[in-house]
Chemist: 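What follows is a single structure, and I will ask about it in a moment.
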2 protein chains.
Amino acid sequence: MVESEEGDEGLDRPLHDLVSYRLARVQAKLNAQATRILKENGGLTLVQWRVLLMLRRLGESSVGELARETQFDKALISRTVQSLVARGLVAHRDNEHDQRQQLLSTTAEGTAIFETAAPHMEARQKALRGAMSEEERSLLFDALDRLEAAADSRDPG
Amino acid sequence: MVESEEGDEGLDRPLHDLVSYRLARVQAKLNAQATRILKENGGLTLVQWRVLLMLRRLGESSVGELARETQFDKALISRTVQSLVARGLVAHRDNEHDQRQQLLSTTAEGTAIFETAAPHMEARQKALRGAMSEEERSLLFDALDRLEAAADSRDPG
DNA sequence: AGGTACTTGTTGACCCATCATCCGAACCAT
DNA sequence: ATGGTTCGGATGATGGGTCAACAAGTACCT
């Protein structure tokens, strides 16, 4: 049932020893921090921010493209784009080659809001990178890769 | 506007280089994995699982205690406990010393469901730990600590 | 006792996130 | 062209997660 030496391998460990728990905690905090920064500097939500960021990188793109690139659910992107259009931060025009999709782009106002938030988000990203050395970050990313792989396996046992 | 040497310090990096983004991705996957395992083995949600786990560790406890120990919001715990009571997995009795709180404990059925899920969750936890060496894990945890600290600072610039 | 402040838990509102489903458009067979 | 399949996107439902407001209980203080 369990390897002979470790009766409390999993569930009786203190929470701060559990990988998944620690990651969840840190991620929640990072998320909260980003959310707060965005709220205070332009009033974007995190997903709205990511969409604007991605539009800025890709130029005119469709909902599907944004979903793929941001790795967010297409339903989430669809709703977020609607909110951005409603706020006048994103414009859409028909794609004459495919009536199913609309091509999205940021408006001048969208760019303005983006640029309100951008320096703060850049500073944050820089601070996060600064919390580790190059070596550590590469090690961290490596470990994350392996965790991600472990999370993908269907039966972890 | 930006430090002289690094025009693309933050926002133009590919997403997989962004710490917050990577963590979010991995955490989402781990979460999805745990959610799936629990759904298929007893039908608990992740929060319900954590509550049952904590009750098993702490014995009879209040909503507030559970919130503190799991580090979840008390509102979330409150609602989760309600769902567990509705399903008959958790029992409550009045605390005669403090009329505000009820003391919660798992029922026999709650324990049974917990034990259905437990081996799978243990195996998962073990697999996650196994994805790294002791050294790497300690390094990872260290890095996470610093990220957490960075996330706590109010202005990251 | 009465007043005040703090604690405990519930509720409502809101956003994030995922899943299933549905619809119209597009593509592709025969 | 017509029928089937796939694709792009929208929508509804559900649960996670946070925050603010609130009611009731408790504690303290005089």
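Chain letters run A, B, ... following the sequence lines, proteins first, then strands; residues in each count from 1.
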Chemist: Roughly how far, to the nearest 0.5 Å, is the CZ atom of B:F114 from the CG atom of B:L44?
Modeler: 9.0 Å
Chemist: Calculate, to the nearest 0.5 Å, the distance between atoms CG and CG belonging to A:L23 and A:L30 respectively.
Modeler: 10.5 Å
Chemist: If I take atom CG from residue A:N95 and atom OG from residue A:S62, how far apart are they, to the nearest 0.5 angstrom?
Modeler: 8.5 Å
Chemist: How many angstroms lie between CD1 in A:I37 and CD in A:Q33, if you round to the nearest 0.5 Å?
Modeler: 4.5 Å
Chemist: Please find the pair of heavy atoms, one from A:R87 and one from A:G42, that lie closest to each other, and give the distance.
Modeler: NH2-O, 3.1 Å
Chemist: Between which nucleotides of DNA chain C, 5' to 3', does chain B make heavy-atom contacts below 4.0 Å?
Modeler: C:dT7 to C:dA13
Chemist: Within residues 92-102 of chain A, which residues have any heavy atom lying less than 4.0 Å from an atom of DNA chain C?
Modeler: A:D98, A:Q99, A:R100
Chemist: Could you measure the distance from the CE atom of A:M121 to the CZ atom of A:R124? Nearest 0.5 Å is fine.
Modeler: 5.0 Å
Chemist: If you count every heavy atom of other residues, nucleotides or ligands that lies below 6.0 Å from A:E135 atom CD, does the total exceed 12?
Modeler: no
Chemist: Output one letter per nucleotide in nucleotides 10-17 of chain D: B when a protein non-hydrogen atom lies under 4.0 Å from the base, S when only the sugar-phosphate is that close, - when neither is.
Modeler: BBBB--SS
Chemist: Can you name the residues that form a side chain to side chain contact (heavy atoms under 4.5 Å, CB included) with B:T116, not counting sequence neighbours?
Modeler: B:N41
Chemist: Among all residues two or more places apart in sequence or in another chain, which pass the side chain to side chain donor-acceptor pair (under 3.5 Å) test with B:K29?
Modeler: A:E148, A:D152
Chemist: Which residues satisfy the side chain to side chain donor-acceptor pair (under 3.5 Å) test with B:E69, sequence neighbours excluded?
Modeler: none
Chemist: Name the nucleic acid region contacted by B:T35, choosing base, sugar-phosphate or nothing; use a 4.0 angstrom heavy-atom cut-off, strictly under.
Modeler: nothing
